[in-house]
Number of protein chains: 2
Amino acid sequence: MPKIVDAEERRRAVAEAVFAVVGRRGLEGASLRNVANEAGLAIGSVRHYFGDHGELLVFAMKELSRRFEHRVLAHVERLAECRDGEERREVAEAMLQEFLPLDATRREEAAVWSAFVTAARTRPELRPRAREVLEGTREVMTRVLEGARRTGALRKGLDVELESVRLAALLDGLTVQAVQVPELLPPRLLRTVLRTHLDTLTDGGW
Amino acid sequence: MPKIVDAEERRRAVAEAVFAVVGRRGLEGASLRNVANEAGLAIGSVRHYFGDHGELLVFAMKELSRRFEHRVLAHVERLAECRDGEERREVAEAMLQEFLPLDATRREEAAVWSAFVTAARTRPELRPRAREVLEGTREVMTRVLEGARRTGALRKGLDVELESVRLAALLDGLTVQAVQVPELLPPRLLRTVLRTHLDTLTDGGW
DNA sequence: AATTTTCTGGCACGACCGTGCCAGAAAACA
DNA sequence: TGTTTTCTGGCACGGTCGTGCCAGAAAATT
């Protein structure tokens, strides 16, 4: 075999180019030509690693969600190691902040993800991953709230399932709006809203 | 002058075709040809009423938000006429439900709006309207919460501005997720989450 | 050194796009 | 009736798209 080249790494590099193009020009700008150009490759090379255009988009979407999940799960693991109550609250809050576009990098990621998810409604290939991520998000919410309930931090009488849906929706709403009109949802406000919400779930202590 | 034809009405009819096409094929499917075909017109006719393609999209987006605002403001007026506390709560909740995709029609509307808003990030012509609607939404939230505060229904110690942001984000998040994966957010659940949230704002009574 | 396989780069085709342009139909006005 | 203006329908252009196809470069294998 020729040309020592790690195929998977190359695919990831191309995905990176997809993110850049989508961030700048939207998903409809992510043509093979534009992506290849962004990646500094010839269009033929890109096509060697991806069967067709749809496959490229699916891979990029999966890659984006994979990275995101990786970051979140790191927090979840740290959460499992916590014994101290105060520390639990801080780690949980840090984990939930991971869902918010608090800096330019994350805002771009969120914008790109938003583009994929919107497109997923009309493009069947993209739908499964959109659904998986939403389900995963809800599950993470359930896990953290259930954990809080076990340690007695959660207010009595709360429906954990319902609160998971509410929390997931709140985070998604904040993200979508912050991507749309960042001026109206600066990082500070995003953090405050999240903290306020968590306070209502834990009536004071944690 | 020739051809008795109400230009504005024709423009609205074309906008209707835009909604149908975007609902079915996404915004990138809303080409002049597809829209004209959907409206039963020749492409030349559509172009007579809209300077260019961008103008068509801007008009359609404005028309969609205009209709939505009209519906919401009707509720707001009814809210102003309310004297009874119980009635106020019901009308307010009905108004807030207007933001949720509770039936197929509204789900389609929300999906189309979502497509426009996502595109607005990369298309400058669409940005102003996206921002206006978000600001308007937040203002409506502030108005209804401020009203509740005046009548003593709101829990003490709540920051109305902050709660407006939180409520608006929650509604947006529920909507976006319901458009993405309707199975995970059936109308019943949407209503329950909203009601639960309002309960936490009014500690019991209203 | 010869062969095989992976990889790169690019040409060409058909499809769709927005738009400039124009000819003719249709109705109001002279 | 003739003129004018609005409206309709369509042709043709340049551009971008995904994709089929292929030739040659490059490296591992024989």
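Each chain gets a letter, A, B and so on, in the order its sequence line appears, and its residues count up from 1.
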Does [N] have its OP1 or OP2 closer than 4.0 Å to a side-chain nitrogen or oxygen of [X]?
X	N	value
Ser45(A)	dG9(C)	yes
Ser31(A)	dC17(D)	yes
Tyr49(B)	dT6(D)	no
Asn34(B)	dC17(C)	yes

Please check if the distance between the ring centroids of Phe99(A) and Phe68(A) is under 6.0 Å.
-> yes

For [X] and [N], give me the distance from atom [atom1] to atom [atom2], rounded to whole Å.
X	N	atom1	atom2	answer
Glu125(B)	dG18(C)	CD	C1'	13 Å
Arg10(B)	dT6(D)	CZ	P	16 Å
His53(B)	dG15(D)	NE2	C1'	16 Å
Glu8(B)	dC7(D)	CD	P	12 Å
Glu28(A)	dG18(D)	CD	P	12 Å
Ile43(A)	dT16(D)	CD1	C1'	11 Å
His48(B)	dC7(D)	NE2	C1'	5 Å
Leu41(A)	dG10(C)	CG	C1'	14 Å

Would you say the side chain of Arg47(B) and the base of dG18(C) hold a donor-acceptor pair, judged only by whether the two atoms sit under 3.5 Å apart?
-> no

For the residue pair Arg138(A) and Ser164(A), confirm or rule out a side-chain donor-acceptor distance under 3.5 Å.
-> no

Check: Arg78(B)/His75(B) side-chain N/O donor and acceptor closer than 3.5 Å =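 On atom types as modelled, these side chains qualify, holding a pair under 3.5 Å.
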
What is the bend of the helix from dA1(C)-dT30(D) to dC29(C)-dG2(D) when you compare the axis at one end with the axis at the other, using five pairs each and rounding to 10°?
-> 10°

Side chain to side chain, Leu190(B) and Leu194(B), heavy atoms closer than 4.5 Å =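 Heavy-atom side-chain distance check fails, nothing below 4.5 Å.
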
CD/Glu146(A): more than 12 non-hydrogen atoms of other groups inside 6.0 Å |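 Result for CD/Glu146(A): enclosed.
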
Let me see the working for Met141(B) and Glu161(B) under side chain to side chain contact (heavy atoms under 4.5 Å, CB included), right down to the final yes or no.
-> CA-CA 9 Å; Met141(B) 300 300 136; Glu161(B) 284 302 323; over 6 Å; no

Take Arg129(B) and Ser65(B) through the side-chain hydrogen bond (donor to acceptor under 3.5 Å, both in side chains) test and state the conclusion after the steps.
-> CA-CA 8 Å; Arg129(B) 200 66 191 173; Ser65(B) 62; 2.8 Å; yes

